[in-house]
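Input: a single structure, listed below in structure tokens.
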Amino acid sequence: MASPISTITPESERAEIAGWVHEVRDLGGLTFCLIRDRTGIVQVTVNRKKAPAPVLEALSRLSRESVVRIGGTVKAIAKAPGGREIVPERFEILSPAESPLPLDVVEKVPAELDTRLDSRFLDLRRPRVAAVFLIRSAVMAAVWEFLAARGFVNITTPKLVAAATEGGTDLFPVAYFEKEAFLNQSPQLYKQIMMAAGFERVFEIGPIFRAEEHNTTKHLNEATSIDVEVSFADDREVMDLLEDLILFVYERVAATCRDPLSWLELQLEVPKKPFPRLAYRDAIGIAARRTGEPLKFGDDFGAVAEKALGEEMGVHYFIVDWPTAIKPYYAMPREDDPELCRAFDLMHPRMELASGSQRIHQHDLLVHQIRSKGLSADSFEFYLRPFRYGMPPHAGWGLGADRLVMTMLDLANIREAVIFPRDRHRLVP
RNA sequence: GCCCAGGUAGUGUAGCGGCCUAUCAUGUCGGCCUGUCACGCCGACGACUCGGAUUCGAAUUCCGACCUGGGCGCCA
């Protein structure tokens with residue numbers, strides 16, 4: 001069995017390692033090979049006069065990024081990286097790499113994102129790139145741990161659905177035997193149905209699909225959503241939950257991802273609680289003042305307004321008290337002012353991260369809201385039925401996992417936060 | 001979908017009517033080299049996205065297609 005490279009120290013006597021050929025420096029009588037595995041890099045030093053013939057033979061056939069297995073003695077050498085090097089007795093090429101490489105793994109020459117995504121498997125061999133996904137994994141684990149500790153039940157809901165249930169966004173049609181189906185844009189309706197099932201606290205982390213032809217650094221056609229729904233909770237309570245979750249995730253990443261963060265040369269700053277709660281009406285005012293645009297009540301925030309707001313706030317913040325007219329039909333209108341609803345968006349200074357609301361749990365009011373949005377209640381029957389048999393009051397939100405990682409790590413493009421992103425033009429790999 | 005910018009060796013770039021038999025770096029191959037750590041030095045290899053047009057002459061200008069980046073729009 002090969003040992004992880006990071007476990008080899010100057011005190012080690014022998015080592016057997018397996019990994020990729022990171023770099024080869026041939027000085028003539030001496031050749032230095034840097035071998036990389038997921039834990040680190042070690043130098044393997046071959047002396048032309050002293051090395052066994054099979055080692056020299058393997059060395060002569062060696063290409064960068066080939067997979068090798070090497071066994072030998074470990075020497076403590078101050079001049080070597082990490083203060084140690086391996087003098088090989090066995091040098092086996094397990095899997096040769098062709099050349100030229102489609103991408104420079106050593107990063108002497110930069111590559112464009114498009115080139116990197118075409119050869120993502122090679123791109124991911126770069127620690128700086130791998131770091132993003134090690135951290136993303138830690139984020140997901142932290143989310144799961146946080147919610148599980150609070151009694152949330154993890155659910156999995158269909159991604160193949162019968163109808164464009166929410167309206168608004170365009171859906172991808174798929175052939176479903178003799179029927180037409182769609183890829184789901186959100187687990188919204190299903191997680192609400194689970195409230196009627198009496199589960200009280202559910203979450204789902206899964207893909208959502210949007211067939212929008214957007215072409216930006218913060219939109220994808222396939223994204224990962226962290227969705228939560230809580231019975232007997234109102235909008236304020238699930239906002240607190242969301243705020244605590246964000247803090248917990250940041251703290252966990254800061255504490256457990258030191259190496260990946262250092263590869264990214266990132267000082268992670270944990271946001272402070274509480275996040276400011278900004279009323280929609282005030283947000284419109286600020287955006288109008290800062291941009292000079294004639295924004296008025298009922299408008300949505302465009303990219304320029306969103307950026308101006310972020311600059312003004314400078315930290316994570318909530319926009320609350322949205323107009324009922326521009327939020328989905330399931331958002332609960334306020335009793336004292338039905339023009340406003342109990343919906344909120346969680347914003348990072350760069351972009352929206354999450355949106356949620358207290359939901360309407362009264363059947364007739366829900367039907368009314370669906371109709372007032374110009375939608376047909378008939379196609380929502382599977383969703384509406386549970387509201388007639390004891391639906392508790394509930395609230396919830398959906399948080400964009402890709403955007404969470406992107407903003408946390410200050411990535412320029414959301415595609416960098418997704419291993420195999422799906423956008424308007426990219427379907428492969 | 002609209003607007004802007006762009007497409008040159010495997011990768012990243014320079015060149016923007018004749019000086020291009022196309023620059024530089026990295027890479028690959030060959031040679032020299034026993035302590036490199038972006039090893040160094042010498043030599044070689046390797047590219048103008050495609051199709052039309054203008055011109056004596058096009059990588060360079062124009063038109064179209066395809067592709068890419070960015071901004072905007074759209075976006076439960």
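Numbers restart at 1 for each chain; the letters A, B, ... are given by sequence-line order, proteins then strands. Note that the structure is a prediction, hence the values are computed from the model and not measured.
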Under 4.0 angstrom between [X] side-chain N/O and [N] OP1 or OP2:
{"X": "A:Asn215", "N": "B:C2", "result": "no"}
{"X": "A:Thr217", "N": "B:G71", "result": "yes"}
{"X": "A:Arg64", "N": "B:U28", "result": "yes"}
{"X": "A:Thr216", "N": "B:C72", "result": "no"}
{"X": "A:Arg424", "N": "B:C74", "result": "no"}

Take atom [atom1] in [N] and the same atom in [M], then report the distance between them in whole Å.
{"N": "B:A38", "M": "B:A25", "atom1": "C1'", "value": "11 Å"}
{"N": "B:A53", "M": "B:U13", "atom1": "P", "value": "32 Å"}
{"N": "B:G15", "M": "B:U21", "atom1": "C1'", "value": "15 Å"}
{"N": "B:C45", "M": "B:G10", "atom1": "C1'", "value": "12 Å"}
{"N": "B:C20", "M": "B:A58", "atom1": "C1'", "value": "12 Å"}
{"N": "B:C67", "M": "B:U8", "atom1": "P", "value": "16 Å"}

When the distance from [atom1] of [X] to [atom2] of [N] is rounded to whole Å, what number comes out?
{"X": "A:Leu220", "N": "B:C74", "atom1": "CG", "atom2": "C1'", "result": "15 Å"}
{"X": "A:Lys79", "N": "B:U36", "atom1": "NZ", "atom2": "P", "result": "7 Å"}
{"X": "A:Glu112", "N": "B:U26", "atom1": "CD", "atom2": "P", "result": "20 Å"}
{"X": "A:Asn47", "N": "B:G35", "atom1": "CG", "atom2": "P", "result": "11 Å"}

Nucleotide of [options] approaching [X] most closely (side-chain heavy atoms):
{"X": "A:Val109", "options": "B:U28, B:G71, B:U11", "value": "B:U11"}
{"X": "A:Pro110", "options": "B:G1, B:G12, B:U36", "value": "B:G12"}
{"X": "A:Leu30", "options": "B:U36, B:G73, B:U34", "value": "B:U34"}
{"X": "A:Lys108", "options": "B:G1, B:G27, B:U34", "value": "B:G27"}

Report the base-pairing partner of [N] (Watson-Crick or G-U wobble, both distances below 3.5 angstrom), or none.
{"N": "B:C2", "result": "B:G71"}
{"N": "B:C19", "result": "none"}
{"N": "B:G12", "result": "B:C24"}
{"N": "B:G64", "result": "B:C50"}
{"N": "B:C41", "result": "B:G31"}
{"N": "B:A59", "result": "none"}

Criterion salt bridge (charged side-chain N to carboxylate O under 4.0 Å, His left out) on A:Arg371 and A:Asp364, from CA distance to verdict: CA-CA 11 Å; A:Arg371 293 203 173 121; A:Asp364 293 352; over 6 Å; no
With distance as the sole test, does A:Asp402 use its side chain to make a donor-acceptor pair with the main-chain N or O of A:Thr224 at under 3.5 Å?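 Answer holds: yes.
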Would a 4.5 Å heavy-atom cut-off, applied to side chains only, mark A:Asp170 and A:Glu213 as touching?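 Of all side-chain heavy-atom pairs linking A:Glu213 with A:Asp170, none is under 4.5 Å.
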Under 6.0 Å from the ring centre and within 45 degrees of the ring axis: does the NZ or CZ of A:Arg422 meet both conditions for the six-membered ring of A:Phe420?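 A:Arg422 over A:Phe420 ring: no.
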Check the pair A:Arg281, A:Asp321 against side-chain contact (heavy atoms from CB on, under 4.5 Å), reporting the backbone distance first and the verdict last. CA-CA 8 Å; A:Arg281 200 181 291 276; A:Asp321 293 335; over 6 Å; no
